[in-house]
Amino acid sequence: MFPTKTILLRILFTFLTYIHGTLCLWPMPSNLNAGSSLLRLSPEFSIVVDVQDAPSDLTQAVQRATTYIQQDKLQRLVVGRGATDAQSIAKAPGLSKLTLSLTGKRPTQSISTEAISLLEDRSESYSLTVPADGSSATLTADSTLGLFRGLTTFGQLWYQYQNTIYAVQTPLTIENDTPAFPYRGFMLDTSRNFFPVSDILRTMDAMSWVKTDTHSWPLFIESHPELSAEGAYTSDSQYSQADIQNITSYAAEEIDTPSHTGSISFSHPELVACSDASPWSTFASEPPAGQLRLASPAGIDLATSIFSSAASIFPSKYISTGGDELNANCYDDDAETQAELKASGQTLEEALDTFVQATQSTLTKVGKIPIISEEMVLDYNLTLSNDTIAIVWISSQDVPSVVQRGFRVILGASDFLFLVLNVGLQDCGGGEWVGDDIANSWCDPFKTWQKIYSFDPFANLTSEQTKLIVGGMTLLWTEQSDPSNLDPIVWPRAAAAAEVFWTGAQLPTGTPLNSSEALPRLHDARYRFVQRGVKAIALQPQWCALRPGACDLNA
Amino acid sequence: MTIKTILISGFLAFSQIQSALCLWPMPSNLDAGNSFLRLSPKFSIVVDVHNAPSDLTQAVQRAQTYIQTDKLQRLVVGRGANDAQNIAKAPELSKLTVSLTGKRPTQSISAEAVLSLEDRSESYSLTVPADGSGATLTADSTLGLLRGLTTFGQLWYQLQNTIYAVQTPLTIKNDTPAFPYRGFMLDTARNLPNSFSVSDILRTIDAMSWVKIIQTDTQSWPLFVESHPELSAEGAYTSDSAYSQADIQNIISYAGERGIDVIIEVDTPGHTGSISFSHPELVACSDASPWSTFANEPPSGQLRLASSAGIDLASSVFGSLASVFPSKYISTGGDEVNTNCYDDDAETQADLKASGQTLDQALNTFLQATHGTLRKAGKTPIVWEEMVLDFNVTLSNDTIAMVWISSQDVASVVQKGFRVIHAASDFFYLDCGGGEWIGDDIANSWCDPFKTWQKLISVNQIYSFDPLASLTSGQTNLILGGETLLWTEQSDPSNLDPIVWPRAAAAAEVFWTGAQLPTGTPLNSSEALPRLHDARYRFVQRGVRAIPLQPQWCAIRPGACDLNA
């Protein structure tokens with residue numbers, strides 16, 4: 001066997017299939033039809049918004065799209081970085097216009113409004129046509145949110161060589177690209193280490209580039225300013241209302257109750273059981289210990305008042321009340337809680353039910369839908385309101401039992417229980433952070449993008465049960481993260497989840513999602529992120545990124 | 001019931017604050033009080049050195065700048081607010097005098113930093129009285145003074161506009177590193193051109209100097225080699241991405257001024273596929289398929305070691321590098337030489353037949369040529385462990401071997417009488433645990449899991465890294481020290497700081513402080529954590545994006561987030 005021939009064949013093969021086969025969009029649209037003609041962007045190119053009374057956030061989105069196209073300056077990820085395209089570019093027609101318009105009968109609303117409507121009411125689908133001959137491109141959708149998703153796709157078509165901006169795979173037709181799941185999220189824990197607002201905004205920009213729409217985070221409250229004044233590390237390290245207004249266009253929020261509430265003891269020590277108790281591992285899953293006294297009327301009042309205040313600040317229809325890692329030892333050892341239980345004649349579980357009823361009804365009264373942690377469904381016998389969404393975070397193995405339990409608990413009362421899947425804790429694999437523990441992190445190993453990408457939202461579910469899955473998210477708990485490593489730890493891994501929940505089980509070709517097909521596109525997305533100032537990590541040496549398949553195990 | 005426990009644990013935390021002087025790496029000895037000392041607004045560092053070299057005066061200026069601009073608040077509850085009263089009453093320090101003792105001729109820091117390891121002098125003595133009288137720093141060499149300035153700079157915190165120290169009087173006598181080689185290796189070959197800009201490298205050099213890491217080993221082809229400009233012109237990803245001669249000089253002198261010895265590695269004869277861009281006729285199995293038969297990672301390609309033109313190219317490259325790099329040490333690599341590649345290469349087989357040599361013999365000839373070139377230029381070669389353990393080649397006794405495959409291999413290398421640099425993947429590879437980078441492999445990384453800082457300095461001595469493990473007392477002098485390494489298949493400027501820091505600092509302490517703290521206690525992570533937090537927060541103040549090790553709630557309450565707290 002002499003290798004030279006094989007090499008030539010392989011290079012030729014990868015070269016051809018890459019250029020003609022893979023349109024580097026991320027997430028991959030649910031359907032597409034692409035040619036192999038080059039198209040230049042005319043210097044006079046403009047995006048025309050053919051929408052009556054276009055909302056200002058749509059015009060701004062158009063401006064951002066135009067800016068990205070002009071400033072991405074992304075060279076193609078091929079050997080020579082596009083130098084071999086020069087001749088074809090020179091001969092290519094120029095595109096001078098993209099027209100945006102709304103179709104259908106939906107009233108015109110701002111993107112911000114569309115983005116916080118109920119999951120079942122949201123419309124994100126769009127159609128995009130980019131002819132190869134230079135005649136106008138068109139983008140249509142039922143809603144401004146759909147137009148926004150289409151603009152994101154359009155922005156991923158363009159590369160730059162010297163001063164020319166060009167696309168390589170026209171004509172392009174995408175018809176009614178629709179997400180497989182309405183909930184595609186990323187959770188950033190802002191309570192363990194602090195992130196400035198600019199970090200959060202940059203993260204939300206990056207999320208929008210891969211059509212991830214739900215940013216959730218744990219935080220601060222109008223009716224109880226003392227909570228953040230006393231509970232935050234310093235007065236600089238809390239989010240003001242102005243900050244929150246700035247952030248909330250599509251953020252959902254979580255305030256974890258009744259556990260993980262030790263920080264309330266800074267302002268309300270009388271309402272917290274086992275505050276900073278020792279050894280913490282007896283009273284909590286992580287230090288410092290501390291849980292709201294769930295059986296005390298004052299504790300219930302504080303919690304409901306917080307949620308009602310949060311409900312008025314956050315436009316999202318969804319608020320998470322948490323409910324993870326509730327520690328029973330903490331209440332068993334707390335004299336005040338025991339006295340309250342005795343007085344009311346309740347068990348701890350009954351008191352928890354009362355507490356959950358109070359916080360949930362506060363939310364449902366103002367039209368919000370509560371999101372809770374899986375333990376509230378699996379570990380306790382609680383009455384949950386009809387449309388509660390449960391987050392399965394402990395293990396994807398728990399999905400069937402939550403679904404099953406969901407039917408049993410909820411069937412009588414109402415119709416269904418939604419599920420949001422945790423596709424990967426981005427903080428895993430970085431080692432244990434508890435001081436004197438040399439172990440690896442509890443959720444080792446590191447969740448690679450390939451692992452996240454191989455996630456099957458429908459695993460072990462019956463087809464009836466699959467209807468309960470509203471989507472999924474990646475999560476970053478920040479014991480060992482702060483602005484120093486936010487971008488590299490989140491990106492591009494969160495993008496892998498974005499595709500799982502937008503594209504669904506199959507590529508437009510009918511092939512199941514697979515990492516070999518995805519890698520060149522994910523490289524492309526990652527290099528574009530870097531051009532836009534997000535410090536996403538490299539997935540391979542550039543030698544490999546320019547030679548799709550050449551660094552595969554069996555290449 | 002629980003309340004009492006809390007009080008006790010709070011008290012313990014208090015005692016820890018009083019006793020842990022947050023220096024990193026911990027000096028080999030120290031004596032510290034608990035008096036506050038303010039830095040006078042007129043504070044200055046006086047250099048009492050005849051004909052002080054300019055890099056010493058610059059180091060003094062940098063130290064002064066750090067003290068003024070660190071603005072680090074103490075990592076205690078209240079971030080120092082409780083210190084206000086004590087600060088107001090504290091005496092003021094207005095002077096640190098820096099002087100040389102002993103008979104060593106005065107040389108620049110840069111010159112001292114590239115001496116052979118056995119000739120270097122890094123020890124220093126520092127005294128900071130509690131009453132405001134002048135502080136003194138003495139050393140035998142300017143390099144020792146630089147190390148002492150680094151320590152002095154770690155004493156200071158800021159509350160509002162006052163800069164103050166909390167543990168005076170302080171006396172450190174002849175703080176000396178346990179091991180002379182304390183390194184960090186940065187692979188600049190894999191991720192060009194998004195690879196590290198010169199400024200990334202300089203920032204890393206700065207950070208290294210803050211924790212007294214002194215060697216930087218760089219594996220590279222994107223390097224301008226004077227005698228062979230075609231190598232970088234063709235082998236780098238783009239013309240922007242090769243380090244120019246000016247870049248290299250800039251890096252060398254910047255490092256030298258900070259007491260850091262830059263050691264260059266050009267890996268031969270394996271891992272040399274990139275030579276094929278300029279010299280295709282000298283490379284065997286260039287980009288051959290399947291690559292896994294011919295190399296440990298793609299693309300395959302090895303210099304034709306039996307060809308006289310191949311030997312000439314390698315020798316000429318090393319000759320050229322020897323004149324550019326002032327270090328006494330150059331690494332010729334030697335890892336992962338793939339014999340299939342040569343077995344399948346018709347040219348190599350023909351060369352071997354012509355000379356009547358086996359592959360081992362040809363490798364030996366190749367090594368004699370490259371090492372001979374280095375020796376003629378006064379350099380000592382460094383090789384990867386395979387050259388000692390796997391091939392029957394002649395290496396001169398002073399050759400230094402880097403042990404990378406497993407820390408278990410140290411004993412066999414020492415057995416053969418060679419000096420060793422610890423670089424084992426099971427402790428020191430910073431890139432492990434981030435997942436596999438091979439395209440169609442969803443496995444974890446080959447050297448999983450992630451190497452935590454506690455892997456080096458763990459709860460008790462039994463699990464901490466012991467540089468002298470399983471060696472006889474007669475062999476310990478062969479251990480020169482060790483280094484952390486960052487291979488960059490999945491790293492580039494986006495994650496350089498967070499992946500390296502503060503973990504590389506943990507190794508810095510293992511090799512500076514040695515097995516024991518000044519108190520006689522073995523190094524242990526419970527004692528180390530508050531100091532490492534302090535070092536990390538100082539890094540962040542200085543613009544290096546080191547990751548947090550715990551939530552800040554824990555960082556300001558030493559011990560409270562321990563497993564058994």
Side-chain angles (χ1 to χ4, degrees), chain A residues 3 6-7 10 81 192-194 233-234 274 276-281 287-288 333 429-438 440 444-446 448-451 454 478-485 487-488 515-516 519 530 535-544 549-555, chain B residues 2 5-6 9 79 190-194 237-238 285 287-292 298-299 433-442 444 448-450 452 454-455 458-459 463 489-492 494-495 497-498 525-526 529 540 545-554 559-565:
Chain A
T6 330
I7 302 167
R10 183 165 54 83
R81 302 304 303 273
R192 286 173 176 75
N193 273 307
F194 184 77
Y233 291 121
T234 72
C274 66
D276 199 13
S278 179
W280 61 260
S281 50
D333 252 39
E432 184 53 68
W433 61 273
V434 169
D436 51 353
D437 191 355
I438 67 155
N440 300 316
D444 249 27
F446 181 85
T448 64
W449 77 267
Q450 297 99 322
K451 165 100 180 167
S454 67
T478 59
E479 282 87 355
Q480 295 180 306
S481 286
D482 74 357
S484 67
N485 61 345
D487 287 4
S515 62
S516 302
L519 181 56
V530 170
K535 293 193 285 284
I537 65 162
L539 297 171
Q540 291 187 323
Q542 186 166 303
W543 190 92
C544 306
C551 295
D552 282 3
L553 192 58
N554 301 309
Chain B
T2 51
T5 330
I6 301 167
S9 81
R79 302 303 304 273
R190 290 198 175 42
N191 238 315
L192 282 169
N194 306 308
Y237 288 114
T238 74
C285 67
D287 199 13
S289 181
W291 61 259
S292 50
E436 184 53 68
W437 61 274
I438 293 296
D440 50 353
D441 190 356
I442 72 159
N444 299 316
D448 249 24
F450 181 84
T452 65
Q454 299 101 320
K455 175 103 178 149
S458 70
V459 182
Y463 299 108
E489 282 87 355
Q490 296 179 309
S491 287
D492 70 2
S494 68
N495 61 346
D497 288 4
S525 64
S526 302
L529 180 57
V540 170
R545 295 184 295 128
I547 66 162
L549 298 170
Q550 292 186 323
Q552 187 168 306
W553 190 92
C554 306
C561 295
D562 281 4
L563 193 57
N564 301 309

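If you're wondering where the values come from, they're calculated on a predicted model, not measured in any experiment.
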Check whether A:I537 gets within reach of chain B through its side chain, its backbone, both or neither, counting any heavy atom under 4.5 Å.
both
Give a yes or no on whether the backbone of A:F446 and the side-chain of B:D448 come within a donor-acceptor separation of less than 3.5 Å.
no
Considering only heavy atoms, which portion of A:D487 lies under 4.5 Å from any heavy atom of chain B: side chain, backbone, both, or neither?
neither
Test item: A:S484 side-chain N/O and B:A546 main-chain N/O as donor-acceptor pair under 3.5 Å:
yes
A:S481 versus chain B, the contacting section by heavy-atom distance below 4.5 Å
backbone
So, does B:D287 use its side chain to make a donor-acceptor pair with the main chain of A:A550 at under 3.5 Å?
no
Taking B:K455's backbone N and O only, do any of them form a donor-acceptor pair with B:S458's side chain (distance below 3.5 Å, no angle check)?
no
